[in-house]
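Throughout, protein chains are lettered first and strands after them, A, B, ... in sequence-line order, and every chain is numbered starting at 1. A quick note: this is a predicted structure, and the numbers were derived from the prediction, not measured.
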Protein chains: 2
Amino acid sequence: MTQVSKLRRPTTPKQAAARCGPVDKFLDPSLFKAFSDPTRASLIACIAKCGRGCSVGEVAECCSVDFSVVSRHLALLARSGVLEATKEGRTVFYRVRYAELCKSLRSLADALEECCPEKGAACNGKCC
Amino acid sequence: MTQVSKLRRPTTPKQAAARCGPVDKFLDPSLFKAFSDPTRASLIACIAKCGRGCSVGEVAECCSVDFSVVSRHLALLARSGVLEATKEGRTVFYRVRYAELCKSLRSLADALEECCPEKGAACNGKCC
DNA sequence: ACAATGCTTGCACCATGACGCAAGTAAGCA
DNA sequence: TGCTTACTTGCGTCATGGTGCAAGCATTGT
């Protein structure tokens, strides 16, 4: 098993990139950073479950951290495209961007699957 | 528009949780933390594109960080369930757990969509 | 004009984590 | 028994980021 890379690497990275879809495109760290914090995850879950726009104050009731922390997290989530903010008077409503979010998640899943289609002819038994 | 919470909150959080699927279950921060770092994202993309198990050394060639850093990242990714490690002699091969990963991503998308079915009768026009 | 409400922002603190270097471990080879 | 290869781990450093408090800003009501 010497020269492992020669024996086990039939494709160059460039060839692999051509064979697969643009996985990189959907592996956006800034998007997933939004989900990587437990507090943010609970905020997202809170708003998602409500199924409508929620004010900062309402969301703050759902978790134990400071009001200002919630405000900052929601602003971050809006910047990263997970939430959408609409202002009515002095109240800001944040709602989940369901369609865009689901599309991003499914696009990544599709791109990954394209790299290794478990039922595909080219891959079957060879890699996964 | 006084008493906003009364007017705009027809469901309690508990009722909302019952109406929706268990979004929390699929919003696992430890999973998404794996994708939240640019270096890790490029490592995942590298292995995913190859479509087979890659050794630590091979993956290290794909990015500019130290070998030890790559080793640590891959170990972390294996712990969080994104990759799977198999040892052959003194070489460790990491491969993407395509099926499990895609399932997690799609489950989250499904759970989110269940919270706000854009074409659903109960939600249409009311929330999103 | 003044006060109250809803949210944002500045500041300081502290924990986490990403990184590189160097030493350590384990497997194969001479 | 060494020596090389492939990887892991300990350690110190530095940057990022999550948190709470307090002050600031914008909007609404009196």
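- Minimum atom distance to the side chain of B:Ser71 is reached by D:dT8, of the listed D:dT8, C:dC7, D:dG20.
- Taking atom CG on A:Asp66 and atom P on C:dG10, their separation rounds to 16 Å, with Å as the unit.
- Listed candidates were C:dA18, C:dG20, D:dA26. Nearest to the side chain of A:Lys87 is D:dA26.
- Of the candidate nucleotides D:dT19, D:dG17, D:dC7, D:dT19 has the atom nearest to the side chain of A:Val65.
- Evaluation of atom-type donor-acceptor distances gives no pair under 3.5 Å for the side chain of B:Ser68 against the base of C:dC19.
- Rounded to a whole Å, the CG atom of B:Leu74 is 13 Å from the C1' atom of D:dA6.
- Between A:Cys54 and A:Cys50, the shortest heavy-atom distance links the atoms SG-CB, 3.7 Å.
- Nearest nucleotide to the side chain of A:His73, out of D:dT19, C:dC19, D:dC7: D:dT19.
- Computed from coordinates, the A:Leu77 CG to C:dT8 C1' distance equals 16 Å when rounded to whole Å.
- Closest heavy-atom contact between B:Ile44 and B:Val96: O-CG2, 4.3 Å.
- Checking side-chain atoms of B:Arg40 against main-chain N and O of B:Ala34 turns up a donor-acceptor pair under 3.5 Å.
- Nearest nucleotide to the B:Arg72 side chain, out of C:dG20, D:dT8, C:dG17: C:dG20.
- A:Glu113 has no carboxylate O lying under 4.0 Å from a charged side-chain N of B:Lys103, or vice versa, which leaves the two without a salt bridge.
- Side-chain atoms of A:Tyr98 come within 3.5 Å of backbone atoms of A:Ala48 as a donor-acceptor pair (strictly under, hydrogens ignored).
- Closest contact between the side chain of B:Val92 and the listed nucleotides C:dC21, D:dT8, C:dA18 involves D:dT8.
- Distance A:Lys33 NZ to D:dA15 P: 15 Å, rounded to the nearest Å.
- Projected onto DNA chain D by closest heavy-atom contact, B:Tyr94 and A:Val69 fall at different nucleotides, the more 5' of which corresponds to B:Tyr94.
- With the nearest nucleotide of DNA chain D identified for both B:Val70 and A:Phe67, B:Val70 has the one nearer the 5' end.
- Contact annotation: A:Arg40 does not reach the phosphate of D:dG17 (side-chain N/O to OP1 or OP2, under 4.0 Å).
- Between the P atom of C:dT5 and the CD atom of A:Glu58 lies a distance of 17 Å, rounded to the nearest Å.
- In this structure, the CZ atom of A:Phe32 is 17 Å from the P atom of D:dG17, given to the nearest Å.
- One atom, CG of B:Asp37, and another, C1' of C:dC19, lie 10 Å apart when rounded to the nearest Å.
- A straight line from CD of B:Glu88 to C1' of C:dA26 spans 16 Å, rounded to a whole angstrom.
- The side chain of A:Arg90 lies closest to C:dT5, out of C:dT5, D:dC7, C:dA27.
- The aromatic rings of A:Phe32 and B:Phe32 lie parallel to each other, with less than 30° between the two planes, well short of the 60° mark.
- Considering only side-chain atoms of B:Leu76, the nucleotide from C:dA18, D:dC7, C:dG20 that sits closest is C:dA18.
- Within the structure, a side-chain polar atom (N or O) of A:Thr39 is placed less than 4.0 Å from OP1 or OP2 of D:dT19.
- For B:Thr91, the listed nucleotide lying nearest its side chain is D:dC7; candidates were C:dT8, D:dG18, D:dC7.
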